Amino acid sequence: MGDVEHVTIYTASSVPAAASHPTINCLQWTEDGQLLFLTKTAVYVLTPDLGINYCDPSAVSASKLRHTSPGATSLGWFRTVLELDRRSFHHWPSESQDWDTLVTGSLDISIKSVVSSPSFLSADAGCVLAIVSTNFELSLWCSVKNQLAGQWTKLQDATPYLRSLAVAQTDSRLQQTLRTQVVCSSWSRQPDFGAVPPCVRDGSLLALGNRAGSILLLRFTKESGSGRYLEHIRTIDVSEQWITHLTWLPWANTVANECVAILVYCTSDGAVGFVKVTRTCHIEAGTSWSDPKSVLATSASPSRFSICEPDDRVIMGLSFIELRNMKPVVIVFRPGVLQLWRDECDGCVWSGLRSLFLHRQGISSGSSMFYPPSGLVYTPEHDVIVLSLFDGSFHVLYDISSSPTVNPHLDSTRQSGFSSSDLSSVCRRIFIQIEGGTIPQEMNRINGMVSFGGFPIVCWAHERSMSSDFSYKHEARHNSTLVVTRMYAEDSDDAVLKMLDDDGVLSRLHSPLLRVLQDPVGGDLMELAILPQLGDSSSSSYALFRENITRQLFGSDVLLQLRLKLTITDFCWRSATSPETRNEYGAVARGLLSAVSYRVLGALVRHIDTVVHLLTQDDLPFVLRVVIQCMLPDAPQELSTEAQNLANKVTTSFPTAKREGAAGGLQEQCPACGVEVPFEDIAAAACPNGHRWSRCSVTSFILSTTMVRTCLGCARKAFLHTAPYPHLLEREKEFIPGMEASERTTGRGWVVQELLEAVRRCLFCGNNFVTLI
């Protein structure tokens, strides 16, 4: 393990920026699979070039990070940057002249922290970022068109809104200012209330800690008409000191319709406590999880028990790890000490507070165990925590679930070289290989470290530094290096999966892998939980229709299995070396595509059946198109029967649909020459004169406009939905066909509109869409 020749470096890329102060979240993954790198004045949003197939060569080449190490294995990254506007900031002295409100961070404003929301929250089904500056201001950001390489825009400067909340809570100008100044933040996961499919309503909470000792619970809302994206849920007063750190533990579904989470906080006097937060879903009779009438109630109660009493020792970080079938472990970082705390639970060998003292790893003359932590990885296979410090050293803590210790036992773990000294030595040698010759006084300062798909593959950001050099270094001269590497070779099932890019391994796994991919996925095609018939043609009914379609299409475990199998099959097809092998994978892919397509059609048929009485004449072209696709020869019999029943109801309500028959749903004209285009393929269209067009992957209408979105994973295209683009609302009739040109002035049906808004990710692979123009 110690030889650097046996260490694989996947990425060694230069990032021309001064890193932020080292924190446990300086590098962090979002639920969208993007890596956030926190620097002094910007947040780099990095996406590994793995499985991204959409075609835009200019954007790809312009946004990929430049490799600096000639020995690095090629792993490209897409990059975009969120830059903090340092010229626009809140002037706190205008609010209060009290010394307690003084903010020294306003002298050189930079980014203090960033947290990411759960996925599927923004208009393009992505994450929202909450950024806290050193001026104690909060702002919300999200991507506009292209989350890989496009612009991320500021949704809201939340300081004025927080100020209005503080004014309503107290008359003291000092307290109003302190309650407005945000020190830390943490965003919870989505609670799981046990609904099948899962509820698509956002139940996550953004927690903010301020200088007044209060914790604010806020909810992200998409009602942006007033320009406000946050809704106040509750304010909890827990201390008279600053709230310096926050972290949410995972939600637990204790009883029906109720979830409980623990919010751990730290204060400036060294105390650590927690708040029990409960979210309850109240469902009225005759409604469901997604119905707007259902209410998510929130209660919060600070615990009388403290994890750590005030001791005036500085806290440098707060995090947690999840253990298998056990309660999570809270980790408090102090200089040279890690404090582990776990609540009492059945089957737990230990509970309460444990303190573990770190040892110095002498990898450079400036090494010390008192440096701040910069990264944390828990490996359940070995039951160890791997911790990185700012000085570039690694520290291993053993037996976390049974008896935490820093002293390794003489077992297979120790014999394999899985120790603090070995990992620190490998990290130092990788640093020397990438940066060239170094001297003992030169430190490899690690500002952030995360796992890359599971340890021993890790990603870190380091910077060269002289521990004895106290001269000023201008920001433009700072340069960080992003590194992705395997710390040591490991023979395990995971290692086999990581070697799939090896043709020999893939050839040996061909037969068993093909059998697994061909195994049918369980679940009846039509076993869908559909709401009763909707009542009126109101906006709430349309919203309920949209949210339930989203639940069925993106909350189904069966569809998830099919999409995962399709992704693996596509990778194997691309990697196959012989035509015979490629043909075998191609046949499997066609079967999986049909299975996904018919399950999607089944969900549409069942949902449209509940709103037949709300359909209009403009909805008929799409509804009949869905019916005809369900009547194809290879369609499942139960799907064809459901579709025929729907067609009978439609023709009863609209006699013209019976006269038009198939032509009413499939009749389209070539946008170039006006000749009628036959419906022969759901992916592409060709007219008799040779004009070829792509079809929308959601509606199957011809795409003859630039107002489209492209899937990152499979490059399929779909019409834009106008929710995130209000300026396109009046142009919908122009770029979305589906009826004769003379009829477009009447607008298109609401079913297509709600469907395009409901499908914010690709139906076939589940990846995000991007807008390239």
Side-chain angles (χ1 to χ4, degrees), residues 10-13 15 27-37 43-67 72-82 116 119-120 122 124-127 129 142-152 450-454 457 459 482 484 497-498 500-501 506 554 560 562-576 585 589 592-593 596 683 694 697-698 703 708-718 720 759-773:
Y10 300 99
T11 294
S13 302
V15 180
L27 276 181
Q28 57 180 294
W29 290 103
T30 70
E31 288 192 6
D32 289 337
Q34 295 184 290
L35 183 66
L36 303 181
F37 177 31
V43 176
Y44 282 75
V45 183
L46 309 171
T47 310
D49 187 11
L50 297 172
I52 297 176
N53 298 317
Y54 83 98
C55 298
D56 188 11
S58 60
V60 172
S61 60
S63 60
K64 282 187 180 179
L65 296 177
R66 179 175 59 88
H67 286 292
T73 303
S74 177
L75 173 60
W77 292 78
F78 295 89
R79 177 183 66 183
T80 186
V81 182
L82 287 70
S116 171
S119 189
F120 232 95
S122 67
D124 59 352
C127 295
L129 303 184
C142 75
S143 63
V144 178
K145 293 183 178 181
N146 187 339
Q147 64 180 12
L148 297 187
Q151 177 188 4
W152 285 60
V450 292
S451 169
F452 190 97
I457 298 181
C459 174
L482 184 73
V484 179
L497 293 177
K498 295 163 187 172
L500 285 178
D501 56 346
L506 193 59
F554 299 100
L560 177 60
L562 290 172
R563 288 169 181 147
L564 290 175
K565 283 191 172 185
L566 185 59
T567 300
I568 296 174
T569 304
D570 179 70
F571 170 79
C572 295
W573 180 85
R574 294 174 184 273
S575 305
Y585 285 122
L592 292 171
L593 282 172
V596 172
S694 297
S697 61
V698 178
L703 293 171
V708 298
R709 39 188 171 151
T710 305
C711 173
L712 295 176
C714 61
R716 286 181 172 85
K717 299 182 184 297
L720 283 177
V759 180
R760 292 187 287 158
R761 289 190 174 179
C762 179
L763 290 172
F764 293 91
C765 68
N767 284 293
N768 287 83
F769 287 108
V770 297
T771 304
L772 304 180
I773 299 178

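Throughout, residue positions are numbered sequentially from 1 according to the sequence presented. Values in this document were obtained by computation on a predicted structure and should not be read as measured data.
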Subject >> Audit row: Cys762, Cys714, side chain to side chain contact (heavy atoms under 4.5 Å, CB included) steps and yes/no >> reply: CA-CA 8 Å; Cys762 179; Cys714 61; 3.5 Å; yes
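Atom NZ in Lys565 sits 15.5 Å away from atom CG in Asp570 (nearest 0.5 Å). In this structure, CG in Leu703 is found 13.0 Å from CZ in Arg716, a value given to the nearest 0.5 Å. Distance check, rounded to the nearest 0.5 Å: CZ of Phe78 to CD of Gln34 gives 11.0 Å. Once rounded to the nearest 0.5 Å, the distance linking CG of Asp32 with OG of Ser122 reads 7.5 Å. Atoms CG and CZ, from Leu46 and Phe37 in turn, are 8.5 Å apart once rounded to the nearest 0.5 Å. From Trp29, atom CH2 reaches atom OG of Ser451 across 8.5 Å, with rounding to the nearest 0.5 Å.
Proximity of Leu50 to Leu75: side-chain heavy atoms (C-beta onward) are separated by under 4.5 Å at one or more points. For the pair Leu720 and Val708, the minimum side-chain heavy-atom distance is 4.5 Å or more. Contact check for Leu763 versus Val596: no side-chain heavy atoms found under the 4.5 Å cut-off. Considering only heavy atoms from C-beta on, Ser119 stays 4.5 Å or farther from Thr30 through its side chain.
The minimum heavy-atom distance between Leu482 and Val15, with the atom names listed, is CB-CG2, 4.3 Å. Of all the heavy atoms in Ser143 and Trp152, the pair that sits closest is N-CE3, 3.5 Å. When all heavy atoms are compared, the tightest approach of Gly713 to Cys765 is CA-SG, 4.2 Å. Closest approach of Leu712 to Leu148, counting heavy atoms only: CD2-CD1, 3.4 Å. When all heavy atoms of Leu35 and Cys459 are compared, the pair lying nearest together is CD2-SG, 3.7 Å. Heavy-atom minimum distance, Asp124 versus Asn768: O-ND2, 3.3 Å.
Side-chain atoms of Trp77 and Thr11 include a donor-acceptor pair closer than 3.5 Å.
Ring-plane geometry between Phe120 and Phe554 is classed as tilted, the angle between the planes lying from 30 to 60 degrees on a 0 to 90 degree scale.
For Phe764, there are no ring pair (Phe, Tyr, Trp, His ring centres under 6.0 Å) partners, not counting sequence neighbours. Looking at residues two or more places apart in sequence or on another chain, you find no salt bridge (charged side-chain N to carboxylate O under 4.0 Å, His left out) involving Arg709.
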